[in-house]
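Sequence positions, counted from 1, serve as the residue numbers for this chain. Values reported hereafter were calculated over all heavy atoms of this structure, with side chains retained and with hydrogens, waters and symmetry mates removed. Quantities reported herein were computed from a predicted structural model and do not represent experimental measurements.
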Amino acid sequence: MTATVDISPRETEVLELVGAHLSNAEIGARLSISVRTVESHVSSLLRKLELPDRRALAQRAPEPAAGPSHPAPVLPAPLTSFVGRVGERAELAEMLKGHRQVTAAGPGGVGKTRLALAVAADAAGEYADGVWFVDLVPVTDPDLIATAVAGALGLGEQPGRDMTESVGAALADRHALLVLDNCEHVVDGVALFLERLLATCPRVTVLATSRARLMVPFERVYPVPPLSLPADGGSDAVALFTERAAAVGRSPDPALRDQIASICERLDGMALAIELAAARYPTLGLDGINAALSHPLRMLTGGSRADERHRSVRGALDWSHALLEPADRALLRQVSVFVAPFTAAAAAEVAGSEEGIAAEGLARLAEQSLLVVTASPGGTQYRALETIRQYGTERLTEAGELDDARSRHVRWCLAMAAELAVVAADWRARFDAVADDLRAALAWAADRPERRAEAYRLARFMAELTFTRHLIGESQGRYEQAAALADDPAAGASMLRHAAAVAGCRMHGDDMYRLRRAAADAARRSGDTVGAACDLATAAADAYRFSGKFVRNLPPEEALALITQARELAGDDPAAQAALALAEAGRALTEIGATPGLNDNAVPMTIARAERAVELAHRTGDPLAESAALDTLTCAQSWAGDTFAAAGTARRRVTLLSSTPDTPAGTHELIEALGEATEASLGTGDLAGARRWARQLADHPLLAEVGHRATGWLLVADALAGDIEGTLTGSIRFLDAWQRADGPAGSVLGPPAAAVATIHGLRDDQDAWREWSALLSQLDPSPRNTHGYGAVFDAMLLLHSGQAPEAVERLAPEPGEVWQWVTWIWLHWYVALRAEAAVLARSSDARDRLAEARTVVAGNPVATALVERAQALLDDDRERLLATADAFDTAGCRYQSARTLVLAGGDHAARGAATLADLGFAPMIASASTTTSE
């Protein structure tokens with residue numbers, strides 16, 4: 001009897017989002033909670049709803065509601081109860097307590113999976129971070145084991161690391177039990193995965209089920225025995241037969257116990273064989289089952305006891321199969337090609353029959369326990385237990401039907417993939433439902449020369465679909481697989497270019513470079529010398545543009561050699577000339593940064609080269625080529641200190657990309673462009689624009705798993721605007737994602753840490769300020785922190801605290817003394833705050849600093865208002881001072897507006913203090929001359 005389960009409002013929200021097939025990081029970002037909190041809710045839901053894994057949980061999710069979410073009672077409905085095995089459960093549970101990796105081993109049909117699930121459920125309370133179940137049956141590629149585990153854990157892929165690393169990082173400090181079911185067909189891959197996992201996750205315990213031991217360090221094997229047979233006490237085997245027979249409509253008379261016991265003995269206590277026999281009880285009775293077991297099909301002679309048990313299941317399958325109508329036998333064989341749950345419509349396609357006929361046959365197979373039936377949002381689904389599926393595959397082979405059935409399966413998969421090419425609201429769920437079959441069909445077709453064309457199409461579909469699903473590591477591999485399967489070298493070159501773009505999205509610069517060079521080779525083989533020239537030039541340009549994504553430092557002479565080769569092949573083709581111009585501009589820009597003391601013409605010449613690259617790219621009509629050139633021009637303008645030109649070019653780039661398709665190359669360019677546009681807008685005081693671009697970056701689905709990268713610039717923009725709520729909310733995701741990524745250092749992560757630290761300081765939360773300041777020191781000890789953004793944020797906090805002399809000291813270096821590349825987006829902020837600090841500290845050079853700052857910041861609304869406010873304070877001009885409050889409001893900077901009112905004194909000060917309090921800031925501390933006279 002089932003009971004109503006109450007789940008909390010937050011759990012209801014999480015359940016809905018699991019049903020939408022979002023990862024834990026995506027759910028956390030949507031609900032503004034940490035990933036660990038999401039994990040706790042998911043673990044709780046699995047426990048409350050008595051479900052084995054995330055896939056089952058997604059099927060139990062309610063339809064997303066249009067209005068507010070309310071807790072909904074859910075009825076747990078396990079398909080069948082677990083019978084007996086009290087002693088085995090206790091023994092296996094005890095073994096788990098003393099060993100980090102336990103393998104429950106035994107032949108197919110002995111009951112390994114059910115025993116493992118029961119033991120895992122019993123032990124759930126002993127693992128603070130939950131129990132996680134992973135069914136490996138659908139995994140046909142050993143390289144995708146980590147992907148399957150990640151899916152069960154709710155992890156997406158983090159750009160910059162592979163899935164095994166992501167899983168290891170997620171479980172590194174977790175106390176959890178991981179159940180890996182059905183490992184035997186990918187045992188080598190499981191062994192490699194577990195060696196890496198157990199080495200990095202000291203508090204994780206693994207319970208595996210397999211027909212053979214895994215041969216990994218720490219492994220302890222538990223041989224799963226058959227169900228207990230009749231003895232002096234009770235019999236688990238008899239209890240299982242009795243319960244399953246009752247479940248299909250006919251409860252055996254207790255007086256028949258001895259006859260049931262005899263049948264169970266003949267079946268060696270094998271759970272699957274007993275269930276198959278029990279399913280026949282309503283129609284055959286015990287006499288009929290005995291007669292069937294006596295039929296000399298493939299029965300039980302010789303061999304070891306383990307082999308006998310295996311043959312017991314095989315024998316039960318044989319006679320159960322023999323009792324089927326011929327059409328149902330054929331259907332069972334045909335559907336064995338599916339590795340994941342399937343619908344009646346899918347079965348009809350693969351079996352070559354009508355859907356109604358297939359549905360009737362599937363129902364009859366389910367009645368005989370040969371298929372398992374589950375309800376899902378997409379309709380009724382069927383699946384065969386792995387032992388039965390393997391049996392069906394053997395029967396297909398014996399009937400000479402295997403190639404035909406798999407061929408129809410491939411065609412069905414191609415049709416499904418074509419449908420998925422159109423992304424709709426329920427796209428993720430539909431893709432996840434068929435992805436394992438797409439992979440299995442591709443694995444089969446790729447090994448058969450006569451199926452090469454279909455394998456190529458399927459590999460290309462999978463590359464595109466997995467990219468859309470943000471499985472970018474698999475996407476890159478599928479593009480490479482498609483390139484290897486392509487009969488036409490030109491098509492192979494195209495696939496390699498896509499693979500290179502995906503590698504860029506993954507932050508794998510070395511792969512990006514390797515694949516571009518491979519594309520050039522393929523293009524040359526196809527006779528496309530122009531395409532080869534473009535690829536070689538692009539490989540060189542990528543090495544310049546994305547050097548931070550490379551592990552290997554590319555020698556300058558290697559990139560130069562690529563440009564030389566490209567020039568020899570390019571001819572006068574416009575696209576090739578544009579690619580060459582971009583590579584040359586990138587080389588010139590790199591030389592500026594690497595070579596001190598260049599002549600005064602170096603920067604203008606570099607800008608001219610970049611402008612030429614933009615012009616040539618624009619002529620080609622390729623927005624991605626133009627975007628790459630605009631990126632180089634933005635950097636050159638930034639180097640020259642032309643902040644407004646850089647911002648205009650960055651905005652132009654984002655606008656250009658806003659209407660491009662979501663291809664890997666377009667996505668790579670857009671992510672880079674949004675970050676660049678945000679930085680440039682901050683540099684010009686365009687806070688509204690900066691927050692708009694930064695929000696797009698934070699919401700980009702490809703960055704969902706790297707929230708520290710996604711939210712970084714939004715934190716900076718929100719902090720400068722004085723948005724405490726936005727900053728604190730975003731900081732949860734930033735810190736959580738950074739910790740899950742093993743705490744990488746990087747100068748790009750410094751500004752957001754400084755921004756959050758400053759907000760905590762302005763709130764007078766000293767503990768949080770110290771925590772984030774320590775994090776900042778860990779993230780970025782470079783000059784960017786010392787002289788760039790670090791000085792700006794420190795000065796804001798010092799001025800708020802009435803420490804103007806200390807702010808003067810913090811901003812002591814002249815702007816021209818600080819390397820331009822370090823300070824370019826911070827220059828206006830730096831000189832404006834430097835002037836204000838001088839005024840508030842009554843420095844003798846305050847008026848000179850104001851004059852200098854006014855020239856530098858002209859056109860920047862926020863920095864100009866800072867300078868005007870400082871000038872008004874110096875001149876004791878209240879009217880002019882109050883005008884700057886309006887200027888700050890217009891620029892979207894409420895903190896500085898309220899600060900202005902406090903500085904104005906009198907009634908204005910009280911209103912400003914109230915506004916600061918409403919915004920969440922601590923009271924300002926006034927310096928000696930911070931207010932104007934009445």
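Contact annotation: the side chain of V339 approaches that of R389 to within less than 4.5 Å [non-hydrogen atoms, C-beta and beyond]. Using a 4.5 Å heavy-atom threshold, the side chains of F338 and P138 count as separate. A heavy-atom distance below 4.5 Å is found between the side chains of L284 and L323.
Here the closest heavy-atom approach between residue A105 and residue V221 is recorded as CB-CG1, 3.9 Å. In plain terms, the two heavy atoms of W444 and S407 that are nearest each other are CH2-OG, 3.7 Å. Looking at every heavy atom in both residues, A20 comes nearest to R428 through O-CD, 3.8 Å.
No side-chain donor from either of E394 and Q390 sits under 3.5 Å from a side-chain acceptor of the other. Under the 3.5 Å distance criterion, with hydrogens and angles disregarded, no donor-acceptor pair is assigned to the side chains of S166 and E705.
In this view, R411 satisfies the salt bridge (Lys or Arg N to Asp or Glu O under 4.0 Å) rule with no residue, not counting sequence neighbours. For E474, the salt bridge (Lys or Arg N to Asp or Glu O under 4.0 Å) criterion is met by R439, R478, not counting sequence neighbours. Applying the salt bridge (Lys or Arg N to Asp or Glu O under 4.0 Å) rule to R54 yields no partners; only residues at least two apart in sequence or on another chain are considered. For R408, there are no salt bridge (Lys or Arg N to Asp or Glu O under 4.0 Å) partners at least two apart in sequence or on another chain.
With respect to E157, the side chain to side chain contact (heavy atoms under 4.5 Å, CB included) criterion is satisfied by exactly one of D162, T466, I472, T147: I472. Screening I145, T209, V190, L194 for a side chain to side chain contact (heavy atoms under 4.5 Å, CB included) with C183, the sole residue that qualifies is V190.
Counting non-hydrogen atoms of other residues, nucleotides and ligands closer than 6.0 Å to CD of E450 gives a total above 12. No more than 12 heavy atoms of other residues, nucleotides or ligands sit less than 6.0 Å from atom CZ of R457.
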Can you list, pair by pair, the side-chain donor-acceptor contacts under 3.5 Å of residues 365-372, counting residues two or more places apart and other chains?
unit_1, atom_1, unit_2, atom_2, d
Q368, OE1, R280, NE, 3.1
Q368, OE1, R280, NH1, 3.4

Only distances under 3.5 Å count here; give the side-chain donor-acceptor pairs of residues 349-357 to other protein atoms, sequence neighbours excluded, each with its distance to 0.1 Å.
none

